[in-house]
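These notes are about the structure you will find just below.
As the structure is a computational prediction, the values presented were derived from the model and not from experiment. Chain identifiers are assigned alphabetically (A, B, ...) following the order of the sequence lines, protein sequences preceding nucleic acid strands; residue numbering begins at 1 within each chain.
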There are 2 protein chains.
Amino acid sequence: MVRDSAATRNRILDAAIGEFSAYGLAGARIDRIAEAAEANKRSIYVYYESKEGLFTAALHRVIGDLVEAVPLTEDDLPGYAGRMFDYLLVHPEALRMSMWRHLERPAKGPDAAEVYAHKIEAMAGGGGGLTASGLPPADLLVLVQGLASSWLISPEDLLCADGSDPYSPERLAAHRASLVEAARRLCAPAQTPGGPNPP
Amino acid sequence: MVRDSAATRNRILDAAIGEFSAYGLAGARIDRIAEAAEANKRSIYVYYESKEGLFTAALHRVIGDLVEAVPLTEDDLPGYAGRMFDYLLVHPEALRMSMWRHLERPAKGPDAAEVYAHKIEAMAGGGGGLTASGLPPADLLVLVQGLASSWLISPEDLLCADGSDPYSPERLAAHRASLVEAARRLCAPAQTPGGPNPP
DNA sequence: ACCTGGTAAGTAACCGGTTATTGACAAACA
DNA sequence: TGTTTGTCAATAACCGGTTACTTACCAGGT
């Protein structure tokens, strides 16, 4: 047997991400994590203190990877939405962990408030608190993220309603185009001067 | 003590909605439901068979109430988005139960595929599979629902990034306006003839 | 009006299995 | 030798589900 604490730590974290992403904090089983990690149950407590601690660590890893892989390009929100969609498609655990977090432990995990604040400031830049689109930057950001994830959080019956297979490559590509176009429309300059939120 | 099986059934279902919405299927505790319902644990199994059966029943009630209270007006999607936002704000359990469903039991709960199919057909009506906006109707529907719920599923750090209290009445009203305007832009006829999805 | 027996509704105690967590100890490294 | 890393088995609490039982209600005979 080779002893390598860092490797064991990583195997545990990987297994935890798989387990928590599938079952959530309440549904996850420490035994299954230990087995999947090919590690002893005890080492989980040595390295991560508790089930909650392991969940928090998993949250940090998954969401950290996401924000690193999909940088928030505030000057190109449609592109950001498209790349976010692509990433979530390849990494379903990122979206699932975010949802578990929202439902089970909203206060845990990374806090990116300052990062967001900077981006929002950059978007507003001289526009009197509004973007060129006439929408408040924070709202725009939230809405664009809603667009990016909407397909992946919609119930099956809605996705299947038009008769196509919602996860076929063609369907996904078509929806990606729709979503990027939608984001483009949100970001386009307002047509009526004064915009939808007149002062 | 007054004996009324229908009333007991309802108390149990109400308590179950509160419990499942707060903790999910795996996190919910039958004992707590029984206590909150002022009913005996046994009656839960008499009326609903199992924890899963009770969860499914809760799903049907909550989502049934939602689709009844917020009719899908396919000829007025911005209005639909606004009303959906209002409802979800007053009934957080509706959104939470939908999320638990997606994560824990995607196959359970009501199936509205036919209803959606009809709406989508109506939206497409003669447009060669596209709406006047140039977007496929199914995509448009999914995206609009994404807009309606985006604020309520966003992480706290993003909502707070612009310094305001994300759940103050003023902030909510402002975001509602943003979201309805966003839906309006998605539904507006495409500016470039041929649209974003040329044949 | 008054029993009375059957049934629906409700209750408390309990059970077997599971679960997170820990203590005691052995093996490997430095 | 002392420290780190890993193993095994125990423990204490918990939880979904069930058993055995009591209480209220009511139809119909007398």
Check your understanding: Distance check: side-chain N/O of B:Arg29 vs OP1/OP2 of D:dC15, anything under 4.0 Å?
Key -> yes
Exercise for review: Specify the separation, in whole Å, of atom CZ of A:Arg42 and atom P of C:dA26.
Suggested key: 16 Å
Check your understanding: Taking NZ, NE, NH1 and NH2 as the nitrogens, is one of them in B:Asp4 or B:Arg9 under 4.0 Å from a carboxylate oxygen of the other?
Key -> no
Practice item. Determine the contact category for A:Ser5: base if any of its heavy atoms lies under 4.0 Å from a base atom, sugar-phosphate if only primed atoms, P, OP1 or OP2 are that close, otherwise nothing. Key: sugar-phosphate
Check your understanding: Counting side-chain heavy atoms from CB outward, which of C:dG10, C:dG23, D:dG16 is closest to B:Tyr45?
Key -> D:dG16
Check your understanding: What about B:Arg3, does its side chain sit under 3.5 Å from the base of D:dT23 through a donor-acceptor pair?
Key -> yes
**Study point:** Short side-chain N/O contact from B:Thr8 to OP1 or OP2 of C:dG10, under 4.0 Å
**Key:** yes
Practice item. Please answer: with hydrophobic residues joined when any side-chain heavy atoms are less than 4.5 Å apart, are A:Ile63 and A:Tyr48 in the same cluster? Key: yes
Check your understanding: Taking the side chain of B:Asn40 as its heavy atoms from C-beta onward, which of C:dA9, D:dC8, C:dT11 lies nearest to it?
Key -> C:dT11
Review point. For C:dA20, does OP1 or OP2 lie under 4.0 Å from any side-chain N or O of A:Tyr48?
Key: no
Exercise for review: Note the angle between the end axes of the helix from C:dA1-D:dT30 to C:dA30-D:dT1, five pairs defining each, rounded to 10 degrees.
Suggested key: 10°
Review point. OP1 or OP2 of D:dC15 less than 4.0 angstrom from a side-chain nitrogen or oxygen of B:Tyr23, does that happen here?
Key: no
Point to revise | Given D:dC8, C:dA20, D:dG16, the nucleotide with the shortest approach to the side chain of A:Ile30 | key: C:dA20
**Study point:** Residues which pass salt bridge (charged side-chain N to carboxylate O under 4.0 Å, His left out) with B:Asp165, listed by chain and number, not counting sequence neighbours
**Key:** none
Point to revise | Ion pair A:Asp139/B:Arg176, N-O distance below 4.0 Å | key: no
Check your understanding: Which whole-number value in Å describes the distance from B:Glu35 CD to C:dA12 P?
Key -> 12 Å
**Study point:** Check: A:Ser164/A:Asp162 side-chain N/O donor and acceptor closer than 3.5 Å
**Key:** yes
Review point. Do A:Glu35 and A:Lys41 pass the salt bridge (charged side-chain N to carboxylate O under 4.0 Å, His left out) test, and can you show the C-alpha distance, the side-chain angles, and the key distance before you say yes or no?
Key: CA-CA 8 Å; A:Glu35 191 185 344; A:Lys41 208 166 26 157; over 6 Å; no
Review point. Base, sugar-phosphate alone, or nothing: which one does B:Ala34 contact when heavy atoms must sit under 4.0 Å apart?
Key: nothing
Check your understanding: Base, sugar-phosphate, or nothing: which does B:Ala26 touch, judged by heavy atoms less than 4.0 Å apart?
Key -> nothing
Point to revise | Nearest-Å distance for atom pair CD/P, residues B:Glu38 and C:dA9 | key: 19 Å
**Study point:** Polar side-chain contact A:Lys41-C:dT21 base: donor and acceptor under 3.5 Å
**Key:** yes
